[in-house]
Amino acid sequence: MKRIALSLLLPAAAAGASLFLAGHPRSVGALLLVLVALYLCYRLPVARPLRILVGAALLLWTIPAAGFQNTFLFELGIQIGIFAALALGLNIVVGQAGLLDLGYAAFFAIGAYTWAIFGSPQANAFLPGGAFPLPGFPYFYLFAALAVLTAAVTGLLIGLPALRLRGDYLAIVTLGLGEVVRVMANNLDHPINLTNGPQGITPIERPSIAWLLGLLRALGAPASPVVGYSLFFYLLVLAVIGAVVLANLRLDRSRFGRAWVAIREDEFAARAMGISLLKSKLLAFATGAAFSGIVGAIFAAKQTFVSPESFTLLQSITILVMVILGGMGSIPGALVGAAAVTLLNIEVLKSLSDFFNQLRQSGAVLDLVLFRYDLARLPSQLEPAKYERMIFGLIIVLMMIFRPGGLIPERRHKQELEKE
Amino acid sequence: LTLLPVARHSVGVASDLLNLLPSVLLEGLLLGFVYAMIALGYTMVYGVLELINFAHSEVFMIGAVAGIETFRALSPHLADPFALLALAILAAAMVSGATAMAIERLAYRPLRRRGVTNRLIPLITAIGVSFFLQDFVRLIEGLWHNEFYMNYPSYPALEKSYALGLGMEIQVKSILVMGVAISMLVGLHLLVTRTRLGKAIRAVAQDRETASLMGINPDQIISRTFFIGGALGGVAGVLFGLMYTQINPFVGFIPGIKAFTAAVLGGIGSIPGAMLGGLVLGVMETTGGTYLFFLTGGAMGPEYKDIFGFLILILILLLRPQGLWGGGMKDRA
């Protein structure tokens with residue numbers, strides 16, 4: 001009985017949220033409702049085909065339809081998607097295999113630069129012939145695949161020495177290697193100009209989307225190239241997330257997935273059971289890196305600009321916060337964590353900053369008997385959007401102390417934590 | 001940090017290299033003393049808790065900021081730069097020590113109480129604390145003085161330099177940095193080896209449970225260890241600010257990582273190891289950064305200095321995880 005009621009509730013909730021978003025495409029609240037409906041698709045105990053159907057409708061119809069009204073929704077969706085894919089990749093390394101990687105953004109950088117260098121005139125600086133930029137089609141797809149490879153190989157090369165170390169040393173070493181990659185990207189504009197240094201590389205080619213624009217026209221929803229590209233990258237990111245989630249699930253239930261959990265729980269016992277530590281860890285490291293690599297290539301094409309600024313330690317920590325907030329080892333957790341942190345970063349903090357600036361400009365004076373403060377004197381550095389580190393730091397500490405399993409704890413992790 | 005403006009302009013000939021060597025070594029030694037003092041904080045905390053206290057770099061930064069605030073507050077009333085510096089060092093030691101203690105109490109102790117066995121959880125917490133403190137100090141300084149970059153004041157009496165021969169010149173403040181660093185290092189060594197508190201710290205580091213059976217309160221000793229390590233880090237912050245003049249709330253990260261490298265270099269958990277490791281790293285880094293410039297004909301230079309530190313860390317962890325001199329550590333990497 002309850003199940004039938006829920007089966008009716010889910011589409012109803014989804015339809016309600018969709019209608020609300022269609023009516024108010026600029027409202028963040030409406031978007032949140034849609035995201036809640038998406039979460040319900042995962043959470044409610046109803047028949048799986050129904051959940052998939054409703055979820056697909058929300059992702060492929062509701063959000064794109066509203067996106068045509070408000071392109072910012074696509075932007076938000078792409079950002080969330082990029083970070084969700086990164087968080088899922090890091091989740092394999094940190095959550096499942098228990099290897100704390102603090103330099104994850106390095107693989108993201110390697111993927112991004114793989115396409116950025118060859119998809120822009122940059123490669124002419126060190127290769128003769130002036131053949132660059134390579135056209136977006138078919139080379140973008142080729143290089144996206146190549147980015148998977150370069151990132152995975154880098155992961156192997158870094159992992160081979162680093163993974164022999166114990167957990168906390170591994171963390172510091174990966175942090176160091178992450179910085180090494182960033183400093184190299186920053187300085188390899190001489191003697192040979194590979195990365196164009198701190199100025200970064202632009203413009204970067206994008207794949208052609210004539211087919212998508214044609215399709216939209218045929219469907220009676222013509223779109224400008226700008227909107228078309230937003231839709232294209234939104235769909236591309238969704239497809240990548242789908243693939244990554246699928247790979248995650250398959251790996252989780254494979255021999256390797258179980259080996260990772262065994263290593264995470266007790267290295268000695270795992271080794272006694274005949275698990276090859278280095279091989280399993282390397283696989284986790286390389287898989288995580290590979291996911292990061294393809295997302296990097298997409299990021300480069302989407303932004304048409306890359307610079308070392310995007311691959312700092314803060315970026316690695318941001319992705320780690322997503323994994324921790326969602327719950328280490330938990331696949332839905334990584335998705336929820338990525339959505340929450342991205343929304344916090346580009347929506348909530350920005351709105352707070354706008355509010356703050358209004359306060360400053362209002363010229364009002366705060367008068368609390370003993371304490372008078374002219375609001376116009378508030379320094380502009382106080383904008384909340386500039387305090388990501390403080391907020392992320394606080395999230396990390398509070399989660400570790402009060403809810404180490406994250407918002408949506410992984411089943412096996414949960415058992416382990418409650419046992420203690 | 002441009003450590004060696006001279007090196008950028010001169011062109012590499014063998015005699016230049018030799019002429020530069022003494023001043024490069026001196027520069028490295030100075031940097032090394034600062035690293036050594038920060039490294040002690042890492043190594044002592046690691047000794048008692050087996051935790052890489054990632055937030056220690058921020059304790060160092062807070063010391064540097066506290067030093068500047070002392071100068072700012074007292075310089076209208078006090079003209080003597082030496083007295084001002086002494087007070088700044090004292091204030092930094094107190095503030096940083098208290099910060100380190102507060103971090104332990106608020107962030108690490110709850111985890112210990114819960115009996116967390118996974119070593120990654122405290123490390124992740126430490127990273128969170130570190131990020132929090134960077135912005136927290138930025139917020140405070142933003143509200144207070146509307147500043148991000150802060151400059152240590154310069155006094156002619158401190159900047160005056162003496163020729164040492166061999167092309168070396170040493171400033172009064174450099175002599176002070178060395179003097180303070182050496183006396184703190186010796187003082188710490190005496191504290192750990194000769195006093196009851198030092199004995200208790202060593203006991204807790206060896207075996208917390210047994211120590212508690214011997215009438216030692218481990219929580220109290222851990223707290224004091226954090227205070228001592230934090231105070232040393234704070235003093236190092238003032239010395240660092242004095243040497244390089246400009247600081248900011250994010251200034252702790254790189255010296256922090258370097259100092260951790262130094263601690264690992266000397267064998268983490270070992271106090272003399274951290275001191276030697278700091279000196280060796282400081283000298284290696286400045287010579288490496290300078291000579292890379294000459295060796296590659298100017299193609300690569302001091303911008304790779306930081307990478308140099310990381311590579312040393314990685315190599316040491318891989319090849320000699322017990323540190324250059326071994327010992328000090330109970331279980332290996």
Side-chain angles (χ1 to χ4, degrees), chain A residues 94 98-100 102 158 161-162 164-173 175-184 186-187 190-192 264-265 313-314 317 320-321 324 328 377-383 386-402 404 416-417 420, chain B residues 50-52 54 106-107 110-111 114-136 138-139 141-143 145-148 250 253-254 257 260-261 264 268 296-301 303-304 306-307 309-311 313-315 317-318 321 331-333:
Chain A
V94 177
L99 308 165
L100 186 52
L102 297 179
I158 290 180
R164 293 171 200 273
L165 301 171
R166 213 190 44 207
D168 40 3
Y169 286 111
L170 175 72
I172 305 290
V173 165
L175 181 153
L177 288 167
E179 283 297 289
V180 168
V181 167
R182 189 183 61 80
V183 173
M184 302 246 281
N186 225 343
N187 289 308
H190 66 277
I192 305 170
R264 183 185 75 201
E265 300 306 327
L313 175 66
L314 182 63
I317 299 289
L320 182 67
V321 170
I324 288 172
M328 284 188 273
R377 266 181 51 215
L378 282 170
S380 60
Q381 303 96 314
L382 284 188
E383 274 183 45
K386 293 181 183 164
Y387 286 87
E388 304 161 300
R389 287 167 192 254
M390 187 144 116
I391 292 156
F392 290 168
L394 209 58
I395 293 178
I396 293 180
V397 176
L398 294 179
M399 291 303 287
M400 285 296 117
I401 294 178
F402 297 109
E416 171 205 344
L417 286 163
E420 274 179 23
Chain B
E50 295 202 356
L51 160 73
I52 298 174
F54 205 83
L106 295 176
L111 298 177
R114 213 178 57 218
V116 171
T117 49
N118 184 344
R119 357 169 35 120
L120 291 187
I121 303 258
L123 178 61
I124 295 174
T125 313
I127 293 167
V129 173
S130 160
F131 267 66
F132 174 81
L133 286 177
Q134 289 179 5
D135 261 0
F136 184 70
R138 189 158 69 104
L139 180 75
E141 285 296 318
L143 270 178
H145 305 293
N146 200 357
E147 273 182 359
F148 178 73
F250 298 162
F253 176 65
I254 291 285
I257 287 285
F260 175 72
T261 305
V264 172
I268 195 151
T296 56
M300 295 159 99
E303 68 267 26
Y304 287 96
D306 294 342
I307 287 195
F310 287 130
L311 291 182
L313 173 67
I314 294 162
L315 285 179
L317 281 177
L318 291 175
D331 64 345
R332 292 154 163 220

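Here is the naming used below: chain letters follow the sequence lines, and residue numbers restart at 1 for every chain.
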Distance in Å, Ile121(B) CD1 paired with Ile396(A) CD1, rounded so as to fall on 0.5 Å steps = 12.0 Å
Nearest atoms (heavy-atom pairs only) where Ala107(B) meets Val397(A) = CB-CG1, 4.4 Å
Distance col, row Asp168(A):CG vs Ile52(B):CD1, nearest 0.5 angstrom, shows 4.0 Å
Kindly give the heavy-atom pair with the smallest separation between Ile401(A) and Leu106(B), and that separation in Å.
-> CD1-O, 3.5 Å
Chain B: which of Ala171(A), Ala162(A), Gly393(A) shares the most heavy-atom pairs with it under 4.5 Å?
-> Gly393(A)
Answer yes or no: is there a side-chain heavy-atom contact under 4.5 Å between Phe260(B) and Ile172(A)?
-> yes
Part of Ile124(B) within contact of chain A (heavy atom distance under 4.5 Å) | both
Contact origin within Phe132(B) toward chain A - heavy atom pairs under 4.5 Å | both
Contact summary for Leu139(B) and Tyr387(A), nearest pair of heavy atoms = CA-OH, 3.6 Å
For residues Asp135(B) and Glu388(A), report the shortest heavy-atom separation together with the two atoms involved.
-> OD2-N, 3.7 Å
Nearest heavy-atom approach of Met400(A) to Arg114(B) is O-NH1, 3.2 Å
Check whether any side-chain heavy atom of Phe131(B) sits under 4.5 Å from a side-chain heavy atom of Ile317(A), and report yes or no.
-> yes
Tell me, side chain or backbone of Leu398(A) under 4.5 Å from chain B's heavy atoms, or both, or neither?
-> neither
Ile307(B) side, atom CD1; Glu179(A) side, atom CD - distance, nearest 0.5 Å | 9.5 Å
Between Leu313(A) and Phe253(B), is any pair of side-chain heavy atoms under 4.5 Å apart?
-> yes
Would you say the side chain of Arg138(B) lies within less than 4.5 Å of the side chain of Lys386(A), judging by non-hydrogen atoms?
-> yes
Phe310(B), CZ: over 12 other non-hydrogen atoms inside 6.0 angstrom = yes
Go through the atoms of Leu143(B) and report whether side chain, backbone, both or neither lie under 4.5 Å from a heavy atom of chain A.
-> both
Walk me through it: do Tyr169(A) and Val264(B) pass the test side chain to side chain contact (heavy atoms under 4.5 Å, CB included)?
-> CA-CA 10 Å; Tyr169(A) 286 111; Val264(B) 172; 4.1 Å; yes
Positive for side-chain contact (heavy atoms from CB on, under 4.5 Å) with Leu120(B), one of Leu100(A), Leu99(A), Val94(A) = Leu100(A)
Contact class of Leu175(A) relative to chain B, heavy atoms under 4.5 angstrom | side chain
Under 4.5 Å from a heavy atom of chain B, the part of Ile391(A) involved | neither
